[in-house]
There are 4 protein chains.
Amino acid sequence: MRADARRNRERITTAALRLFAERGPEVSMEEIARAAGLGVGTLYRHFPDRRALAKEIAAVTLEDLLDAARAAIARDAPRWDVLRAMVAQAAGRPMSLLKSLLEAGDTETPRLRELQDAYNASLTEVVRAAQDEGTLRRDLSPDQVMGLFNLALCRPGARADDAVVTVVLDGLRSRGDAAAGTGQVRVAGR
Amino acid sequence: MRADARRNRERITTAALRLFAERGPEVSMEEIARAAGLGVGTLYRHFPDRRALAKEIAAVTLEDLLDAARAAIARDAPRWDVLRAMVAQAAGRPMSLLKSLLEAGDTETPRLRELQDAYNASLTEVVRAAQDEGTLRRDLSPDQVMGLFNLALCRPGARADDAVVTVVLDGLRSRGDAAAGTGQVRVAGR
Amino acid sequence: MRADARRNRERITTAALRLFAERGPEVSMEEIARAAGLGVGTLYRHFPDRRALAKEIAAVTLEDLLDAARAAIARDAPRWDVLRAMVAQAAGRPMSLLKSLLEAGDTETPRLRELQDAYNASLTEVVRAAQDEGTLRRDLSPDQVMGLFNLALCRPGARADDAVVTVVLDGLRSRGDAAAGTGQVRVAGR
Amino acid sequence: MRADARRNRERITTAALRLFAERGPEVSMEEIARAAGLGVGTLYRHFPDRRALAKEIAAVTLEDLLDAARAAIARDAPRWDVLRAMVAQAAGRPMSLLKSLLEAGDTETPRLRELQDAYNASLTEVVRAAQDEGTLRRDLSPDQVMGLFNLALCRPGARADDAVVTVVLDGLRSRGDAAAGTGQVRVAGR
DNA sequence: AATGAATGAGACTTCATTCAT
DNA sequence: GATGAATGAAGTCTCATTCAT
């Protein structure tokens with residue numbers, strides 16, 4: 001691939017990443033192209049159709065999250081903190097895109113599936129460990145935890161420390177844990 | 001209104017209620033008509049435009065929720081249980097429609113506004129009482145609680161006792177409360 | 001035909017006459033029915049379709065005009081005055097409907113055709129006589145005079161003595177005629 | 001703008017100009033597109049909506065008329081002849097479109113408004129001068145003259161020398177003028 | 001027979017996708 | 001290879017016409 005082609009592809013994914021994150025999964029192709037400073041034609045040269053672009057963005061996002069997750073996992077810290085880090089990482093990403101792709105249930109995209117599997121595997125690992133260390137409640141499967149993360153983060157303007165995330169994290173905390181619920185939600189005047 | 005017209009109006013609202021709940025606020029008029037076993041024209045005879053239908057469905061939903069909320073409030077039970085009942089009532093309703101209408105910010109529909117205000121008032125009342133009785137965490141405003149409910153329930157297939165709702169409710173529970181977190185999430189195989 | 005049926009038919013034609021005259025040939029069937037205080041169904045019972053109603057209104061109008069024309073013709077007055085009377089009669093009638101039907105060129109409606117023929121015959125008679133008496137310019141066919149009348153009158157709010165009618169009549173006046181152009185147009189401030 | 005785009009835009013305006021002139025202001029976008037040999041989408045790329053197309057056609061028409069009017073005004077000829085030239089220019093143009101836009105009363109389109117004002121100014125100038133030179137009857141305001149022109153020309157197939165135009169012009173001629181009414185209408189067999 | 005509800009074709013418009021330049 | 005113009009299917013809405021009550 002030529003240098004300019006690579007540059008264009010990059011511009012597209014950057015623009016799409018931002019727009020999908022800021023405005024949800026329904027942004028028009030025209031708009032993405034405009035934000036990338038390119039014509040639609042170029043967009044379609046790089047991605048055969050809208051789904052392909054969406055999947056690419058999803059994949060890139062998952063790769064990033066996976067890298068960050070692995071880094072967090074490698075650290076010598078309570079698994080609960082690793083979980084929190086994974087949530088923090090996901091804030092500001094196009095999670096609603098991930099979710100809508102997941103809901104659409106596309107079984108034919110190996111790369112995406114692999115990434116999802118890998119991410120799920122990492123998450124599962126952390127979830128199990130956190131459950132073992134007694135910080136994460138035991139009655140949830142990793143998938144369900146994933147669902148809750150998605151939920152907490154699939155909002156425009158989601159931040160890692162806002163009320164929703166805090167409450168969800170507290171809800172995930174093990175009940176027997178005395179240290180639970182130390183996070184305080186800032187009461188905002190709407 | 002003639003018997004057949006009433007019957008058809010009912011069919012329309014039933015179909016719309018279901019489709020908006022199952023598939024979100026973007027279902028097409030054509031599809032709603034089809035689901036009701038009617039032509040599009042009939043839809044438009046009963047509701048001048050898409051917004052009107054959406055508002056009607058929203059209003060009906062809010063009325064139901066409000067009735068149920070008032071009934072629950074009237075009962076002699078812990079306010080926490082009232083909150084739970086309100087959440088339970090909302091499951092399976094077109095909450096995402098409510099949300100999108102709220103976001104669209106239509107100030108010109110008195111009935112809807114009144115219902116929203118009344119519902120908010122009820123919720124606020126319960127929230128404050130639950131915070132007073134020490135079951136609901138004190139660092140959240142009623143609006144934030146509302147936001148969390150919306151979040152927990154604006155999903156296709158949301159159920160009153162699924163993992164998401166359970167975790168969110170637990171996250172809302174006051175930390176000092178020894179009885180907290182008794183609810184068990186069923187571990188589902190995805 | 002029963003008495004109430006006749007009454008309804010009358011209501012319809014009255015309403016249609018007025019609406020076609022005031023608002024042109026595009027009024028909706030619904031609106032005509034409403035103005036008549038009836039349901040659309042009743043309208044369609046009396047007139048198989050929109051064209052039929054339009055033709056009926058056109059026919060009624062032509063009949064009226066024809067009666068008035070014949071009365072005027074019978075009088076002992078200059079033929080020019082008869083012409084003017086015919087124009088005056090036509091003001092406030094649904095002339096644009098007549099025109100649009102004429103343009104649509106429906107050859108299959110005997111009654112309408114007969115009426116048009118009869119009216120044309122009367123007009124032709126008057127036109128020829130006026131041309132003979134030297135008041136109407138000689139370079140126009142009766143059809144063209146008819147066209148000009150239509151033109152002068154196919155306006156919402158056309159009145160028998162407004163600027164347009166005056167100018168058209170003056171333009172029709174024979175040039176050699178010393179008495180021509182006595183009519184003064186009121187200069188309106190728009 | 002690319003060559004093909006310009007060509008297509010031209011095709012659209014040409015087709016629209018013709019259809020609006022021949023069939024009035026209500027032609028469908030579909031039909032205009034078909035007449036231009038293009039898809040509807042292309043129409044909408046060039047003109048955001050129906051009104052925009054209509055305004056463009058109106059503006060182009062007014063520009064043409066204004067140019068021709070100014071050229072005629074600049075000539076050393078009786079103002080009456082200038083008036084006639086202005087009428088002649090307008091024949092075959094989509095005057096009914098102009099009229100309907102005027103009636104719709106769009107105050108938000110500066111260009112169109114300027115053109116209308118400029119054209120009205122030119123016409124007013126010529127009308128006053130013709131009244132001063134004694135050829136145009138004095139009992140009409142420029143607006144009324146404009147109204148008569150519209151009337152004479154808002155017909156499908158209006159031609160500069162047909163019976164209607166001739167009669168209207170003769171009706172506008174000053175009565176004291178001995179030379180009046182020299183124009184002969186061709187008697188058509190319709 | 002009267003009513004007005006139901007129908008569906010057609011109008012306007014948007015946007016994912018294809019294709020000429 | 002890039003561009004943005006062209007396409008047409010699909011969505012919302014209207015209205016002439018049909019039909020159940």
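Quick note on labels: first sequence line is chain A, next is B, and so on, each numbered from 1.
Across all non-hydrogen atoms, the minimal contact from B:L19 to B:I32 is CD1-CA, 3.8 Å. In terms of heavy atoms, C:C154 sits closest to C:K99 at SG-CD, 3.6 Å. Listed here is the closest heavy atom pair of D:L53 and D:M29: CD2-SD, 4.1 Å.
A straight line from CD of B:E30 to P of E:dT13 spans 19 Å, rounded to a whole angstrom. When rounded to the nearest whole Å, the span between CZ of C:R6 and P of E:dA1 equals 14 Å. As rounded to whole Å, 11 Å separates atom P of E:dT17 from atom CD1 of A:I32. Taking atom CZ of residue D:R11 and atom C1' of nucleotide F:dA5, one finds them 13 Å apart after rounding to whole Å. Here the C1' atom of nucleotide F:dT14 and the CE atom of B:M29 are 13 Å apart, to the nearest Å. For the pair C:H46 NE2 and E:dT3 C1', the interatomic distance rounds to 12 Å; values are reported in whole Å. Per the geometry, CZ belonging to A:R34 stands 10 Å off P belonging to E:dC15, to the nearest Å. Look at CD on C:E31: it is 17 Å from C1' on F:dT17, rounded to the nearest Å.
With a 3.5 Å ceiling on both atom-pair distances, the Watson-Crick or G-U wobble partner of F:dT21 is E:dA2. In this structure E:dA11 sits in a base pair with F:dT12, meeting the Watson-Crick or G-U test at under 3.5 Å.
Considering only the side chain of D:S28, E:dC12 comes nearest among E:dC12, E:dG8, F:dC15. Listed nucleotides: E:dT3, F:dA16, F:dG4. Nearest to the side chain of A:V40: F:dG4.
The phosphate of E:dA1 has neither OP1 nor OP2 within less than 4.0 Å of any side-chain N or O from C:N8. Within the structure, a side-chain polar atom (N or O) of A:R45 is placed less than 4.0 Å from OP1 or OP2 of F:dG1. Considering only side-chain N and O atoms, B:T42 lies nowhere under 4.0 angstrom from the phosphate OP1 or OP2 of E:dA5. Regarding contacts with the backbone of E:dA16, a side-chain N or O of A:R50 is found under 4.0 angstrom from either OP1 or OP2.
Between B:Y44 and C:D49, the residue anchored closer to the 5' end of DNA chain F is B:Y44, taking for each the nucleotide with the nearest heavy atom. Nearer the 5' end of DNA chain E, as judged by each residue's closest nucleotide, is the contact made by C:L38, out of C:L38 and B:G37. Annotation: of the two residues near DNA chain E, A:R51 and B:L43, the 5′-most nearest-nucleotide partner is B:L43. The 5' end of DNA chain F is approached more closely, in terms of each residue's nearest nucleotide, by C:P48 than by the other of C:P48 and B:D4.
A salt bridge links A:R9 to A:E56: one of the charged nitrogens lies within less than 4.0 Å of a carboxylate oxygen. Ion pairing between a basic and an acidic side chain is recognised when a charged N comes within 4.0 Å of a carboxylate O; B:R111 and B:E63 show such pairing.
Backbone-only engagement by B:R7 is indicated by non-hydrogen atom pairs under 4.0 Å involving sugar-phosphate atoms exclusively.
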query: For B:D4 and B:R2, what are the C-alpha separation, side-chain angles and deciding distance, and is it a salt bridge (charged side-chain N to carboxylate O under 4.0 Å, His left out)?
result: CA-CA 6 Å; B:D4 56 345; B:R2 250 161 54 180; 2.9 Å; yes
